[in-house]
Amino acid sequence: MQPLSVPTSGDIAVLTRLWETIEARRLSGDTTVSHSARLMARGTDKVAQKLGEEAVECVIEAIQGNRRGTVMESADLVYHLLVLWVDAGIRPEEVWSELERREGISGIAEKAARPKGIVRAADTTKLP
Ligand SMILES: N=c1c2ncn([C@@H]3O[C@H](COP(=O)(O)OP(=O)(O)OP(=O)(O)O)[C@@H](O)[C@H]3O)c2ncn1[C@@H]1O[C@H](COP(=O)(O)O)[C@@H](O)[C@H]1O
């Protein structure tokens, strides 16, 4: 695979640091200074709603071909995903482990190996 020609100053460890910061905000519960604490104090429904909104905003930027906007909205999306993990008591390692478990497993092969005969709640028509 060709190396990506994008800035490489970032580090994936930022995700763990961010999770720890948000967890500290949850523990402090100080809604006067922390957006994370304020959001979590509004409840799980609000936390989940915000994640959905940020996802839609990211999708819109991507569809419009706005590269910079997609990067900015991606950062918002990841931050709000981590707030959702903290709110749900999920540690990053749990997600990393699941990603590692899936490494090397083709998504197409995994889907084909799923048990057949599961009754679907509704028949949907997929786009090609
Ligand atoms: N990465 C982020 C980050 N990204 C986005 N946001 C905030 O998310 C909010 C999104 O604004 P919106 O208007 O969409 O949402 P809202 O203010 O909840 O308003 P409503 O939807 O309820 O109307 C803004 O206040 C942004 O500043 C973030 N707030 C915090 N962080 C990180 O989290 C750390 C801890 O932040 P605090 O919890 O605020 O201390 C910070 O040091 C940052 O590293």
Side-chain angles (χ1 to χ4, degrees):
M1 187 185 296
Q2 293 293 317
L4 294 174
S5 58
V6 294
T8 54
S9 60
D11 188 305
I12 193 80
V14 71
L15 292 177
T16 304
R17 289 199 303 275
L18 179 54
W19 185 92
E20 286 168 353
T21 299
I22 297 167
E23 170 67 353
R25 300 296 193 266
R26 184 186 70 80
L27 293 170
S28 81
D30 192 342
T31 58
T32 60
V33 293
S34 165
H35 177 264
S36 313
R38 188 176 296 176
L39 178 53
M40 287 183 276
R42 296 171 77 183
T44 298
D45 287 3
K46 188 67 188 176
V47 169
Q49 180 194 328
K50 285 302 301 179
L51 179 62
E53 288 175 10
E54 300 299 342
V56 169
E57 287 168 16
C58 190
V59 165
I60 291 169
E61 295 295 334
I63 289 172
Q64 290 179 340
N66 184 353
R67 194 176 187 288
R68 180 62 186 157
T70 305
V71 169
M72 300 301 283
E73 292 300 339
S74 295
D76 281 355
L77 179 58
V78 169
Y79 162 71
H80 283 90
L81 177 61
L82 295 195
V83 174
L84 183 135
W85 291 358
V86 167
D87 180 68
I90 295 168
R91 297 191 58 85
E93 305 89 86
E94 295 176 62
V95 181
W96 307 161
S97 295
E98 177 59 19
L99 288 172
E100 285 175 356
R101 187 189 68 76
R102 296 180 187 186
E103 270 184 326
I105 303 173
S106 153
I108 292 173
E110 182 277 328
K111 191 167 182 179
R114 286 182 194 170
K116 300 284 184 285
I118 297 172
V119 178
R120 298 168 71 98
D123 260 343
T124 56
T125 306
K126 290 184 179 177
L127 294 172

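For ligands, and for the atoms within them, numbers begin at 1 and follow the listed sequence. In what follows, every heavy atom counts, from backbone to side chain, and hydrogens, waters and symmetry copies are set aside.
For atom 14 (O) of ligand 1, the nearest protein heavy atom lies under 4.0 Å away. For atom 11 (O) of ligand 1, no protein heavy-atom neighbour is found at a distance under 4.0 Å. In this structure, atom 26 (C) of ligand 1 is not in close contact with the protein, since no protein heavy atom lies within 4.0 Å of it. Under the 4.0 angstrom criterion, atom 30 (C) of ligand 1 counts as having a protein heavy-atom contact. Protein heavy atoms come within 4.0 Å of atom 22 (O) of ligand 1.
At least one heavy atom of Lys46 sits closer than 4.0 Å to an atom of ligand 1. Assignment of Leu39 to the shell around ligand 1 is not supported, since no heavy atom sits closer than 4.0 Å.
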Please determine whether side-chain contact (heavy atoms from CB on, under 4.5 Å) holds for the pair Leu81 and Glu54, giving the CA-CA distance in whole Å, both sets of side-chain angles, and the decisive distance to 0.1 Å.
CA-CA 9 Å; Leu81 177 61; Glu54 300 299 342; over 6 Å; no
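For atom 19 (O) of ligand 1, the closest heavy atom belonging to the protein is Lys50 NZ, 4.3 Å. The single protein non-hydrogen atom nearest to atom 6 (N) of ligand 1 is Tyr79 CE2, 3.7 Å, given as residue, atom name and distance.
A 4.5 Å side-chain heavy-atom check between Trp96 and Leu15 finds at least one atom pair inside the cut-off.
If you chain together hydrophobic residues whose side chains sit under 4.5 Å apart, Val59 and Leu77 never meet in one group.
Contact between Leu39 and Val47 at its shortest, heavy atoms only, is O-CG2, 3.8 Å. Taking all atoms of both residues into account, the shortest heavy-atom contact from Asn66 to Glu61 is ND2-OE1, 2.8 Å. Closest approach of Ala37 to Gly29, counting heavy atoms only: CB-C, 4.1 Å. Heavy-atom minimum distance, Thr31 versus Ala41: CG2-CB, 3.9 Å. Closest approach of Leu82 to Trp19, counting heavy atoms only: CD1-N, 3.9 Å.
The ligand atoms of ligand 1 that sit less than 4.0 angstrom from a heavy atom of Thr21 are 34 (C), 35 (C). Using a 4.0 Å cut-off to heavy atoms of Asp76, the atoms of ligand 1 that qualify are 4 (N), 5 (C).
Contacts between Leu18 and ligand 1 below 4.0 angstrom, taking non-hydrogen atoms only, involve the side chain exclusively. Residue-level proximity to ligand 1 for Arg42 is carried by the side chain, the only part with a heavy atom below 4.0 angstrom.
In this structure, Glu98 pairs ionically with Arg101, as a charged nitrogen and a carboxylate oxygen lie closer than 4.0 Å. A salt bridge is absent between Arg91 and Glu94: the closest approach of a Lys/Arg side-chain nitrogen to an acidic carboxylate oxygen does not fall below 4.0 angstrom.
Ranked by closest heavy atom to atom 36 (O) of ligand 1, the top entry among Ala24, Ala37, Ala75, Ser36 is Ser36. Selection from Glu54, Arg26, Arg17, His35 by nearest heavy atom to atom 39 (O) of ligand 1 gives His35.
Remark: ligand 1 and Ser34 share an N or O pair separated by less than 3.5 Å (distance only, no angle test).
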